[in-house]
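One structure is given below, encoded as structure tokens.
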Amino acid sequence: MNRTLLLLLGALALGTAMFAGSYVAARHTTMACCAQPDELGWLRVEFHLSDAELARIRALHEGYRPKCAAICAQIAAKKRELDAVLAQGLQGTNGTAGAQVKLNELAALRAQCQAQMLEHFVAVSQAMPPEPGRRYLAAMQQLTLGHHEQLEQTMSDAPGHEHHH
Amino acid sequence: MNENDQAHDPRIRELLRQARMAPGLPPRFQEQVWRRIELAEAPVETGSWLDRLANLIMRPRFALPAAAAVLLAGIVAGTLEGRLAARHDAQMNYLASVAPQAGFYASH
């Protein structure tokens, strides 16, 4: 093994070791210093919220959670109903029609969930100062609805998955 | 006291040492010595650019700065990535609490 290769491997190992050590240390330090007792810690740090702003958002958050949990439970129940219909088989008009009904109901519940989520995001953004509020709303839309749109886009672009209208 | 005894007398030796004229060093003597050493150590420049770079880095003048640069690059990149990862974790934690399919979003 020549000297150049040894030198490169040594530099690579040194750089990697430093990277790994710093990565772990920075991750733990950041999480430790900015850790909040609940999931709202990210909001406080990311959008530089004051205690009063965070308290308003916390109230909204606590009010939203049970509503979110309720609709999630309805979605889970509807998915079980759909699975039951699918398990019976889709042969015949009744099979596909039954599945269609369940799919429509599931879609309606998901839409209701998304609408409720958006409503919450808007309320939270309005509890923030204007600029962070805009940033928050854009980030949340990107992280939730945006990802769903990307997934749909990916699926429609996939070969053999074109929807001809 | 014979001549040999006088040579061992410390006082006479000190006087002799002080009387001996040391020739002055030419200007930039030390720098020229180092340059000669580096030239002597430098192999004939053949091979790929990688070999030439390795040879350059192995010279005493560049070895320490190069090692420091690698260390610093690793530390800076690791710190930035670690902070980003912690931020992403916190963001996903919040998202999971407000978006029912946060895990799904995070994994895509």
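Below, chain A is the first sequence line, B the second, and so on; all start at residue 1.
Both A:Ile75 and A:Leu103 belong to a single network of hydrophobic side chains, linked directly or stepwise wherever heavy atoms of I, L, V, M, F, W or Y lie under 4.5 Å apart. Taken together through direct or relayed side-chain contacts under 4.5 Å among Ile, Leu, Val, Met, Phe, Trp and Tyr, A:Met140 and A:Val122 form part of one hydrophobic cluster. Residues A:Leu60 and A:Met117 fall within the same hydrophobic cluster, defined by Ile, Leu, Val, Met, Phe, Trp and Tyr side chains chained together at heavy-atom separations under 4.5 Å. When the side chains of ILVMFWY residues are joined at heavy-atom separations under 4.5 Å, either directly or via intervening members, B:Leu95 and B:Leu84 end up in two distinct hydrophobic clusters. Follow the hydrophobic side-chain contacts under 4.5 Å out from B:Leu64 and you never reach A:Leu6; the two are in separate clusters.
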Donor-acceptor pairs are to be reported for all side-chain atoms of residues 49-56 of chain A against protein atoms at under 3.5 Å, with residues two or more places apart or in another chain.
unit_1, atom_1, unit_2, atom_2, d
A:Ser50, OG, A:Glu53, N, 3.2
A:Ser50, OG, A:Glu53, OE1, 3.3
A:Asp51, OD1, A:Arg44, NH1, 3.1
A:Asp51, OD1, A:Arg44, NH2, 2.8
A:Glu53, OE1, A:Ser50, N, 2.9
A:Arg56, NH2, A:Ala127, O, 3.0

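The two residues A:Leu143 and B:Gln91 come nearest to each other via the heavy atoms CD1-NE2, 3.5 Å. Taking both residues in full, the closest heavy atoms of A:Tyr64 and B:Val98 are given as OH-O, 2.6 Å, listed atom of the first, atom of the second, then distance.
With sequence neighbours excluded, no residue forms a side-chain hydrogen bond (donor to acceptor under 3.5 Å, both in side chains) with B:Gln30.
Rounding to the nearest 0.5 angstrom, the gap separating the OH atom in A:Tyr23 from the CZ atom in B:Arg83 is 14.0 Å. Taking CG of B:Asp89 as the reference point, atom CZ of A:Arg27 lies at 4.0 Å (rounded to 0.5 Å). The distance from atom CZ of A:Arg65 to atom OG of B:Ser97, rounded to the nearest 0.5 Å, is 5.0 Å.
Pairs engaging residues 125-140 of chain A under the side-chain hydrogen bond (donor to acceptor under 3.5 Å, both in side chains) rule: A:Tyr136-B:Tyr94 [sequence neighbours left out].
Contact annotation for A:His61: only side-chain heavy atoms (C-beta onward) come within less than 4.5 Å of a heavy atom of chain B. With a threshold of 4.5 angstrom between heavy atoms, A:Gln116 does not approach chain B through any atom at all. For chain B, the nearby part of A:Leu43 is the side chain; its heavy atoms alone come within less than 4.5 Å.
Residues of residues 72-82 of chain B having a heavy atom under 4.5 Å from any heavy atom of chain A, listed by number: B:Gly74, B:Ile75, B:Ala77, B:Gly78, B:Thr79, B:Glu81, B:Gly82.
More than 12 heavy atoms of other residues, nucleotides or ligands shown are found within 6.0 angstrom of CD on A:Glu81.
No side-chain heavy atom of A:Val45 sits under 4.5 Å from any side-chain heavy atom of B:Arg87.
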